**Q** 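Structure below; questions to follow.
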Amino acid sequence: MLTDIWSLGGLFLAAFGAATILPFQSEVVFVGLQIGTLIPVWLLVVVASIGNVLGAVVNYALGLGIEHYRHRRWFPVTEAQLARAQDWYVRWGVWTLLLSWAPLGDAFTVIAGIMRTPLWLFLLLVTVAKTGRYMVLAWATALAAGGVP
């Protein structure tokens, strides 16, 4: 039981780290626990999803904070570029959060903070995307291992 708690804690940290701008991978930990332990798959999906979403919230917060520096000379975009990007993001960009599970999805979560996406909408779309990814990973792992998905 204690081993399961440590395993779930490790999965949470791997999923959290994988969602930030740090170069982590949570899939290997997830698959290893799914195949090598008796922890229920639904619990693996829940723990990994929570960790991954909270990591994305860190990126969102970074995006909120970095805009504070938008008037500095070193800021990477001009006011006009930022205004165009905000207009585009209001129309289409929020849906890119459904790709937040992908390798470059971390950038979308930072941009969502810069663009002041409402937190409730950010959480909804990122949770759907990241939980869906872990559900597909669990299904594919069960299928590859010869189990019933």
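No hydrogens, no waters, no symmetry mates; every other heavy atom, side chains included, goes into these values. Since this is a predicted model, take the numbers as computed values, not measurements.
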**Q** Linking I/L/V/M/F/W/Y whenever their side-chain heavy atoms sit closer than 4.5 Å, directly or via other members, would Val31 and Val136 fall into one cluster?
**A**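 No, it is not one cluster - the side chains of Val31 and Val136 are not joined through contacts under 4.5 Å.
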**Q** Using every non-hydrogen atom in the two residues, find where Leu8 and Val47 come nearest and quote the distance to one decimal.
**A**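 Smallest interatomic distance, heavy atoms only, reads O-CG1, 3.4 Å.
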**Q** Using 0.5 Å steps for rounding, measure from the OG1 atom of Thr20 to the CG atom of Leu54.
**A**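 That separation rounds to 12.0 Å.
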**Q** Can you get from Trp95 to Tyr60 by hopping between Ile, Leu, Val, Met, Phe, Trp and Tyr side chains that sit under 4.5 Å apart?
**A**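 Trp95 clusters together with Tyr60.
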**Q** So, for Lys130 and Ala19, which heavy atoms are closest and what is the spacing to 0.1 Å?
**A**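 Scanning both residues completely, I find the closest heavy atoms to be NZ-CB, 3.9 Å.
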**Q** Look only at the side chain of Thr109 and the backbone of Asp106, and say whether a donor-acceptor pair between them is shorter than 3.5 Å.
**A**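 Yes; judged by distance alone, with no hydrogens or angles, the pair exists.
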**Q** Closest heavy-atom contact between Ala14 and Gln25?
**A**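 Heavy atoms only, the tightest pair is CB-O, 4.4 Å.
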**Q** Can you find a pair of side-chain heavy atoms, one from Phe16 and one from Val58, that are under 4.5 Å apart?
**A**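 Yes, side chains in contact.
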**Q** So, for Ala112 and Phe122, which heavy atoms are closest and what is the spacing to 0.1 Å?
**A**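 Smallest heavy-atom distance, with atoms named: CB-CD1, 3.7 Å.
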**Q** CD1 of Ile66 to CD1 of Ile111: how many Å apart, nearest 0.5 Å?
**A**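 Ile66 CD1 to Ile111 CD1: 11.0 Å, rounded to 0.5 Å.
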**Q** Compare every heavy atom of Ala56 with every heavy atom of Val126, then report the nearest pair and how far apart it is.
**A**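 Distance-wise, the nearest heavy atoms are CG1-CB, 3.8 Å.
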**Q** Compare all side-chain heavy atoms of Tyr134 with those of Leu44 and state whether any distance is below 4.5 angstrom.
**A**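 Side-chain contact under 4.5 Å: no.
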**Q** Determine, stepwise, if the pair Leu13 / Phe24 fulfils side chain to side chain contact (heavy atoms under 4.5 Å, CB included).
**A** CA-CA 10 Å; Leu13 290 175; Phe24 278 82; over 6 Å; no
**Q** From the options Val128, Leu123, Leu121, select the one residue that forms a side-chain contact (heavy atoms from CB on, under 4.5 Å) with Leu125.
**A**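 That would be Leu121; it is the only one of Val128, Leu123, Leu121 passing the side-chain contact (heavy atoms from CB on, under 4.5 Å) with Leu125.
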**Q** Just verifying a value: how many Å separate Met135 CE and Trp42 CH2, rounded to the nearest 0.5 Å?
**A**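 That separation rounds to 13.5 Å.
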**Q** Nearest 0.5 Å, what's the CG-OG1 distance between Leu38 and Thr3?
**A**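 Rounded to the nearest 0.5 Å, the CG-OG1 separation comes out at 11.5 Å.
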**Q** So if you build clusters from Ile, Leu, Val, Met, Phe, Trp, Tyr with side-chain heavy-atom gaps below 4.5 Å, do Phe108 and Trp120 land together?
**A**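 Looking at the clustering, Trp120 is in the same group as Phe108.
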**Q** Can you confirm whether Asn52 sits close enough to Trp101 that some side-chain heavy atom of one is under 4.5 Å from a side-chain heavy atom of the other?
**A**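 Sidechains of Trp101 and Asn52: no contact.
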**Q** To check you understand the geometry: which heavy-atom pair defines the closest contact between Ala129 and Leu97, and what is its length?
**A**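 That closest heavy-atom pairing would be CB-O, 3.7 Å.
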